[in-house]
Amino acid sequence: MEKLILIDGNSIASRAFYALPLLSNSSGLHTNAVYGFTTMLLKLIEEEKPTHFLVAFDAGKVTFRHADYKEYKGGRAKTPPELSEQFPLIRELVQSFGIAQFELSGYEADDIIGTLTRHADEKGLNVVVVSGDKDMLQLASEHVTIALTRKGISEVDLFTPAAIQDKYGLTPGQITDLKGLMGDASDNIPGIPGVGEKTALKFLHQFGTVEEVLANADEISGKIKDKIKEHADDARMSKELATIFRDVPVEMKLDELQYAGYEGTALGALFRKLEFKSLLDKLDLTASSQEGEEQEAIEVEIVDRDRLGALAGRLPEVEALHIEIVGENPHVSDFIGLALSLKQGGCLFVPAALLDVPEAGALRDWIADEKSPKTVYDMHRAEVGLYWKGIALGGVAFDVLIAAYLLDPTESTHTLNELAGRYKLPAVPADEAVFGKGAKFKVPDIDTLGLHLSRKAALLARLKPILNAELEKNEMSRLYYELEFPLARVLAGMEKKGIRVDAGGLRQLGGELGQAIEKLVEGIYKEAGSEFNLNSPKQLGDILFDKLGLPIIKKTKTGYSTDAEVLEKLAPYNGVVSSILNYRQLAKLQSTYVEGLLKEIRRDTGKVHTYYQQTIAATGRLSSQFPNLQNIPIRLEEGRKIRKVFVPEEQGWLMLAADYSQIELRVLAHISGDERMKDAFQNDMDVHTKTAMDVFGVPESAVDSNMRRQAKAVNFGIVYGISDYGLSQNLNITRKEAAQFIEQYFAVFEGVRRYMDEIVKQARTNGYVSTLLARRRYLPEINASNFNLRSFAERTAMNSPIQGTAADIIKLAMVQIDERMKRERVRSRMLLQVHDELVFEVPEEELELMKQLVPEVMESALALDVPLKVDVSYGDNWYEAK
DNA sequence: AAGGTCACG
DNA sequence: ACGTACGTGACCTTT
């Protein structure tokens, strides 16, 4: 069966451009529209399996439509340069895909497509037209299906004439009438003012066409009648403008449109230029990439037992050490081998098993030796991974991963494969290419493995001076050497120790939850009248909105929204809804915090050993995984009970928690220099109450709980990079009221307003914002022409220095506390960091000392214009330390 | 693999 | 007019 796909190239390119964030490759070339276009092509090829294929483009700016109506497409914002520069690339892309392309001076892509579909109709050939433009629907017919992009780019809605009938109650031919009446703002087609889609559809269902509507205008009542009469000519012209011209002088030679699939070479080369790494991997084009790029020859010696013995005691000078721990979680992952890059040139590869033989003693000593400096990649992960094998790591002098992260924390990953490209060094294959992924993961033969790890070690040696110089240039050396780098070891220490979890207590909690859940589920099924999967938002939506007929509050891109906010609004309509909310709450506790946590308790230690990611968060915060111990419930009492199972390792010890009070607002007071806000903190006032007093202009005695709540929300908003919409959502007030609040706030806290303006300006000039300790975040989208992208970047510019400085401060405190604890030789241990809180376990006899030491160090970690305040509490478990 | 939901700061 | 609050990770279902 033959099938022709026709793509409106301009339409899809701009859809892709606006749907995706502004990506760019390392040479600054923007690539988001090309990327979106690529995924669209791949999807179409896979799903539609076309035998014929064409992409049509608009040619030139003036089309025959301008001859009739010179304002056509007037008022439309100019195509942003970030998009224009991608058109040549898209044409190159289409060519590399082996797809035909066409343009004709004076015509738009939709005219070409309209003409070709007419020919196809005549020949009875099946066609799919792909566009983002609803006008295209007029082309639908027995053989022609229209695929319109949905919100994003990856999904399309298919329209046959029947589907158009279903959705609009119109025939394809009436689409032009629809446009004639309602117009189209984006093309500057006027239509009839005051007539939108709803009204237009009503008239068309009644009269059929624009002409008939105009002829029967007298039957229409009200003001609309006058408008119709007044704008009759506009309507006729609008219809004409919206009508796709289907007689372009073009002949369809089917054999020229034949599509035989794509070849990897051309596409691979283009993807490499654009740096579409994920697509290279996905299409398995990586292999073909490796021939082209020079991968330096490298001398690898695979060390065996004899050689190891010979090396003992006189290890050659080493420049870099690569330790390969495979798997996501280094606490359970495998150490498979290490490679040494030697100063004299060449590399040594040592398989993991070899470290267990007696001859490995000297090597193990060297790995552990604090006085033998090493450059590594991800020391923290290596230290943890080796720890479970009984191997100590010491003397790391430079960590390439942390340096790469600091230099650009927004990069999604910092693999060595990428870093080689980023810094124009000889390529190293991606781990996925060597090991495979998912079910296909396999450690390769010893030669391949040795070569791969050696390449990494050699690359580390070359990256070190480059990254070090970059850090110096960005004035980040102190941030690196005095904060992030020492912190890595502190984190490794905390993780190796782990935290004790009372499994029995957890199981008991699980039993109680299970019973409560069972009861709830039974009741819900009864009230709903049927059994269904309560965990499925889709099935739940069907029950609530279709079967029970509750009002739809909000939609998601796939269907009805059933989140807690929606359910709370629905609760008054039907009693079952609050049971569902209840179920959700308990089910979350059960699956994530009881079952999930139980799975993470190690048999050998009876503890959970979280893994802190130090190189993920764009703001400089840590994140915690396997399990995440930074989101243990606290806000609701039912959940908070989970904290009771986190207990000290030893009898008679206590849990001690110390948290910064309002650290982000204190940071804001400092960096904005706002006198009023500084004053509030200097006098140790309740900052939300103080905000309420100043914003509402009342004395403290007049601030009620509601005013304080609103002031608190405004303060949160300020920290997040405020918008009236966001605040209105949060406070459930109108946007206007929210805007007034904000204005009132800024009128009082002038320094904060100045900061917000200033930091956005700074982001525009420099392309980045910084924290107090010089941590950077780049914001390439701050100058985007797309409103959403730009606004997001602006809010990020306001938020990142605040959140990031708070992160700097607690990290600094952790490093200092670790030092102090070592110096004082305490037995107490630092266990957790939860963004503004540190958790310790302490022997009772050290309680007084720690109660004093911890807040003292935290409060003095960094001197600001306002005091830092820390609250300390302790108890038999984490719950009691409140 | 993606989307929805919800836990935390 | 545009459509969002900032930063994360885990679990479940659906594709």
Side-chain angles (χ1 to χ4, degrees), chain A residues 18 47 77 151-152 154-155 185-186 278 282 328 409-410 438 532-541 554-567 581 584-585 587-597 599-600 610-613 616-636 639-640 642-643 659-660 662-664 713-714 716-731 735 738 742 777 785-804 806-807 810 832-837:
Chain A
Y18 288 111
E47 289 181 3
K151 242 189 170 173
S154 45
E155 295 295 316
S186 70
S278 60
K282 197 166 143 194
E328 275 205 295
T410 43
F532 60 100
N533 188 342
L534 256 171
N535 291 327
S536 162
K538 189 164 174 278
Q539 294 181 34
L540 178 61
K554 196 164 63 165
K555 285 194 154 190
T556 66
K557 44 180 138 174
T558 50
Y560 310 120
S561 170
T562 67
D563 64 21
E565 200 191 319
V566 167
L567 295 185
L581 275 165
R584 282 251 176 98
Q585 192 202 337
K588 176 87 178 181
L589 294 177
Q590 182 77 304
S591 68
T592 302
Y593 297 104
V594 174
E595 291 164 1
L597 208 51
K599 277 186 220 145
E600 296 291 347
T610 192
Y611 178 55
Y612 287 104
Q613 283 285 4
I616 290 279
T619 52
R621 275 191 175 182
L622 299 176
S623 78
S624 152
Q625 300 173 315
F626 322 124
N628 181 352
L629 295 181
Q630 291 182 319
N631 70 349
I632 303 301
I634 187 165
R635 291 170 191 170
L636 302 173
R640 190 173 196 157
I642 297 281
R643 295 184 172 226
D659 66 291
Y660 281 110
Q662 305 294 353
I663 187 164
E664 292 191 337
V714 174
F716 264 94
I718 292 290
V719 169
Y720 291 157
I722 198 147
S723 74
D724 49 10
Y725 183 87
L727 183 64
S728 75
Q729 289 291 299
N730 193 289
L731 282 179
R735 219 164 115 168
I742 295 168
R777 177 166 183 180
S785 47
N786 179 307
F787 175 89
N788 283 329
L789 294 179
R790 192 176 62 246
S791 304
F792 187 55
E794 287 168 0
R795 291 196 297 274
T796 311
M798 300 183 225
N799 170 265
S800 287
I802 302 172
Q803 195 182 113
I810 194 164
L832 298 174
Q833 188 252 42
V834 194
H835 308 306
D836 64 355
E837 173 186 17

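Keep in mind that what you see is a predicted model, and the values were worked out from it rather than measured. Within every chain, numbering begins at 1; the chains are lettered A, B, ... in the order of the sequence lines, protein sequences first and strands thereafter. Any value given below was found using the heavy atoms of this structure, including those in side chains, with hydrogens, waters and symmetry copies removed.
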Set of ring pair (Phe, Tyr, Trp, His ring centres under 6.0 Å) partners for A:Phe626, sequence neighbours left out: none

Heavy atoms of A:Gln585 and A:Leu636 approach each other most closely as NE2-CD1, 3.8 Å

With the side chain of A:Phe787 defined as its heavy atoms from C-beta on, choose the nearest nucleotide among B:dG9, C:dA5, C:dG3. C:dG3

Base, sugar-phosphate, or nothing for A:Ala564, non-hydrogen atoms under 4.0 angstrom? sugar-phosphate

Find the distance A:Ile642:CD1 to B:dC6:P and express it as a whole number of Å. 17 Å

Using a 4.0 Å heavy-atom cut-off, does A:Asn730 contact any base of the nucleic acid, only the sugar-phosphate backbone, or nothing at all? base

Name the nucleic acid region contacted by A:Ile632, choosing base, sugar-phosphate or nothing; use a 4.0 angstrom heavy-atom cut-off, strictly under. sugar-phosphate

Would you say the side chain of A:Ser723 and the base of C:dT4 hold a donor-acceptor pair, judged only by whether the two atoms sit under 3.5 Å apart? yes

Students often get this wrong, so: under 4.0 angstrom with heavy atoms, is A:Val719 touching a base, only sugar-phosphate, or nothing? nothing

Looking for any heavy atom pair under 4.0 Å, which part of the strands does A:Leu589 touch: base, sugar-phosphate only, or nothing? nothing

How close or far is atom P of B:dG9 from atom CD of A:Glu837, stated in whole angstroms? 8 Å

Figure out the CG/P separation between A:Asp659 and B:dG9, and round it to whole Å. 9 Å

Got a donor-acceptor pair under 3.5 Å from the side chain of A:Gln803 to the base of C:dC6? yes

Specify the separation, in whole Å, of atom CG of A:Leu567 and atom P of B:dC6. 7 Å

Test side chain to side chain donor-acceptor pair (under 3.5 Å) applied to A:Tyr612 - qualifying residues, sequence neighbours left out: none

When we call it a touch if two heavy atoms are under 4.0 Å apart, what does A:Ala797 touch: a base, just sugar-phosphate, or nothing? nothing

How many angstroms lie between atom CG of A:Asn628 and atom CD of A:Glu600, to the nearest 0.5 angstrom? 10.5 Å

Spacing of A:Leu727 atom CG relative to C:dC6 atom P, expressed in whole Å: 13 Å

Which one, B:dT5, B:dC8, C:dT4, comes nearest to the side chain of A:Arg735? C:dT4

Return the value, rounded to whole Å, for the distance between atom CD of A:Gln833 and atom P of C:dG7. 17 Å

Taking C:dC2 as the reference, what is the distance to B:dC6 when you measure between their P atoms (whole Å, please)? 27 Å

Heavy-atom pair with the smallest gap, counting every atom of A:Ala738 and A:Asp724: CB-O, 3.3 Å

Considering residues at least two apart in sequence or located in another chain, which fulfil the ring pair (Phe, Tyr, Trp, His ring centres under 6.0 Å) criterion with A:Phe532? A:Tyr525

For DNA chain C, list all stems, counting runs of three or more consecutive pairs where every pair is Watson-Crick or G-U wobble with both distances under 3.5 Å. B:1-9 with C:6-14

How many Å lie between NZ on A:Lys555 and P on B:dG4, as a whole number? 13 Å

At less than 4.0 Å, is any side-chain N or O atom of A:Arg795 found next to OP1 or OP2 of C:dT4? Yes or no. no

Are OP1 or OP2 of B:dG9 and a side-chain N or O of A:Arg621 less than 4.0 angstrom apart? no

So, using ring pair (Phe, Tyr, Trp, His ring centres under 6.0 Å) as the criterion, who are the partners of A:Tyr611 when residues are at least two apart? A:His380

Can you see if the side chain of A:Arg635 gets near the phosphate of B:dA7 - specifically, an N or O under 4.0 Å from OP1 or OP2? no

With A:Asn788 via side chain to side chain donor-acceptor pair (under 3.5 Å) - residues at least two apart: none

How is A:Thr562 classified with respect to the nucleic acid when contacts are heavy atoms under 4.0 Å: base, sugar-phosphate, or nothing? sugar-phosphate

Determine the interatomic distance between P on B:dT5 and the same-named atom on C:dA5; round to the nearest Å. 13 Å

N/O donor-acceptor pair under 3.5 Å between A:Arg643 side chain and A:Pro633 backbone: yes

Applying the 5.5 Å / 30° rule, does A:Phe792 stack onto the base of C:dT4? no

In B/S/- notation, 5' to 3', how is nucleotides 8-15 of chain C contacted by protein heavy atoms closer than 4.0 Å? SBBSSSSS

Calculate the interatomic distance between A:Ile718 atom CD1 and C:dT4 atom P; express it in whole Å. 21 Å

Counterpart residues, side chain to side chain donor-acceptor pair (under 3.5 Å), relative to A:Lys555 (two or more places apart): none

Nucleotide nearest A:Asp724 when distance is taken to its side chain, options C:dT4, C:dA5, C:dG3: C:dT4

Using the side chain to side chain donor-acceptor pair (under 3.5 Å) criterion, which residues pair with A:Ser536? Sequence neighbours excluded. none

Looking at C:dT4, C:dG7, B:dG4, which one has an atom nearest to any side-chain atom of A:Thr556? B:dG4

